[in-house]
Amino acid sequence: MHETVLNRRLRVLASLAQSIGLFAIFYYYVFLRIRPALFYQQKPQVFVLDSHFFRSMVTHPGGMVDYLAAFLSPWLAWDWLGALVLTLLVMLICWATRGFLAAGAGAASEAACLLPAVFILMVLGQYIHPVPLCVGLSITLLGANLYARLGGCRVGIRLAAFATASLAIYFVTAGLYSVFACLCGCYEWSVKRQRWLGAACVACAAAVPYAAGWWPFDLILSESFRGLALPRVEHWLEIPSSTPKALAIHTAALTFPLLAAVFFSWRGRAVSEAIPSPQDSSEEPGARADEPERRSWRARVAVPLAIVLLLVLADLVAFDSSKRCLLEIECASEQRRWDEVLAWAEQLPFPDERAYDPRVLYCINRALYFKGRLLDSMFAYPQVCSTPSLTLIHEDIDTTSHLTPQQCSEIFFDLGRVNESEQMAYEALEQCGHRPEILKRLATIYTIKGQPEAARRFLLLLDRSLLHRGWARQVLQQLDSDAAFPGTSLASYRELMVQLDSVGDAGNTETLLKGLLERDPRNRMALEYLMAHYLLTRQAGKVFANRHRLDGRDGARYPRHIEEALACHLATAGRNELDLNAQSIRPETWQRFVEFVDAERQSAGDPSAAFAALYPDFHDTYFFSLVFGHNIASLGAARAPR
């Protein structure tokens, strides 16, 4: 007997060590590979600790899950803390799965109880925001656990308990209630053999959300079943690279507990029917008693190895590396970590067409400007001519406010068009909700404009949040000490600020930038963006006409891409103009231009051959983009030249 107790304790310790080790691997994978801060980048909710915020979120089905997710999501902003939050949620899901399988099916395989971690890891690899799914799935599994523990009660009590729990769990989790109802139905059908009650529970999985859409909540069908489909966030990268793959992974994470319960209940019946009679027992009981023990220890070694192998396979199958790269670029740009933007931009040449979206190129060009490299190195990074990738400003201001209001608020602010920045910030606030960067932008704008009371409205909201309280209180203290102009960090923006904006020029990039330069020729960003605009619109003649604006800047020479544009213009200009201005271009630039022209002539008439021949040596030059309209290898010569 002493040996039996010792073996049992050893098994418990081995199981505990196995779980701790596997979840430690999960934690470090999420921390190092997934980076939870990228989920916060997609949905940076401002969680406010007050009753009004609570009431506004929990008055509809699924609101409690949304509230808990809004509370947990800000912790994802720190990678180490976000990895811990996600690991604890996954541990809760695995523990609840184990409890239901043990209570309902009478068995709980170690591997089966840990498999939810693999599916959640695959969801994370697709960069689908995981917190609402994990919170909702945890609540439904805990509810199914409690229901399974009523197995000793009479049918009427279980029916009343299911009806009561259905109302509560549907209101808390919305569409994820269907998982709870199906698990209860599986328990009644397979374990308690109450077929009619099991069928009724499964029917409620569809009937309750459908009925709630009619009364009392008056919801559309998609809202009634909210939580079962892929979650939606107000972010342009919300759609995964492969929607069918992401949908399959999301569905597998939701349905696995039910499938596992069905399998183990079926296997339990099969094993019970196959138990041998006492007459068939072996004559060597000692050997028979040792065999299960040996199999148990072999399984405890095999299970963690199998789970680790599944984690590796899940990474190979589900990890969306292209989406992570794009999120890293946007996240680093929003936080003004320019070196990181350019480092991730160097990994862009992959076939995902979103890699060359104007919003990504906008982040790259902005980073190049703030690093002082825009006119020297912009064509060393992906560029697509004749697109609004420089400022994201469209000719139709309504299109701008609809597609990229937050980014345009940033660029207007940096250029000095504070009123347009304010307008775009309000457009972003209406479309995307209380994103903290939008609230900070509005508070900063009103501070610069000398309207401290208007700034306080946004600062007081941030002061009640969990994550941005420190920043808000620091600015509020500065306002209290000097309401007219807090600190010196915003002095440069006030100098650039246009007091009376021109009417109707915000949609024309050239007119906008030239107007800023006429007001203040020292506006360095307006100057460099104007010249970059001419480069990207392939107007070498205008680069030549405005070259005097660069005189006296950055030493005696022009930036490299300006020299290349001047060479292109002078090569087609008259002889007199060439003789007067050729000396302003360095000899090495002329030499490279001649080499480019000679190489292009050798492939004349075949754009694809010319693109392939010229790309290796000239893709980082203005010459190349002037001819082909872009410098992206995966696009080839598909874009016709100008």
Discussion item. Can you see whether Phe319 has Arg324 sitting over its ring - NZ or CZ less than 6.0 Å from the centre and within 45° of the normal?
Written reply: no

Discussion item. Would you call the rings of Tyr67 and Phe53 parallel, tilted or perpendicular, taking 30° and 60° as the class edges?
Written reply: tilted

Item to complete: Identify the heavy atoms of Phe47 and Pro74 that sit nearest to each other, and give their distance.
Response: CB-CG, 4.3 Å

Discussion item. Can you tell whether the side chains of Arg193 and Glu188 come within less than 4.0 Å, N to carboxylate O?
Written reply: no

Practice prompt. Flag the pair Val90 / Phe119 as yes when at least one side-chain heavy-atom distance between them is below 4.5 Å, and no otherwise.
Written response: no

Under 3.5 Å, sequence neighbours excluded: what are the donor-acceptor pairs made by side chains of residues 135-144?
from: Ser138; atom 1: OG; to: Cys134; atom 2: O; distance (Å): 2.7
from: Thr140; atom 1: OG1; to: Gly136; atom 2: O; distance (Å): 3.3
from: Thr140; atom 1: OG1; to: Leu137; atom 2: O; distance (Å): 2.9

Fill in: Side-chain ion pair, Arg456 and Asp463, N-O less than 4.0 Å
no

Discussion item. What verdict does the side chain to side chain donor-acceptor pair (under 3.5 Å) test give for His250 and Gln126, after you've listed the backbone C-alpha separation in whole Å, the side-chain angles of each residue and the deciding distance to 0.1 Å?
Written reply: CA-CA 10 Å; His250 183 80; Gln126 291 289 297; over 6 Å; no

Discussion item. With no hydrogens and no angle check, just 3.5 Å: does a side-chain donor-acceptor pair link Tyr29 and Asp315?
Written reply: yes

Worksheet entry | Salt-bridge criterion met for Glu238 and Arg232 (N-O under 4.0 Å) | yes

Fill in: Pairs satisfying salt bridge (charged side-chain N to carboxylate O under 4.0 Å, His left out), at least one member in residues 34-50, at least two apart
Arg35-Asp79, Arg35-Glu328, Asp50-Arg464

Worksheet item: Is there a donor-acceptor contact under 3.5 Å linking the side chains of Glu410 and Tyr362?
Response: yes

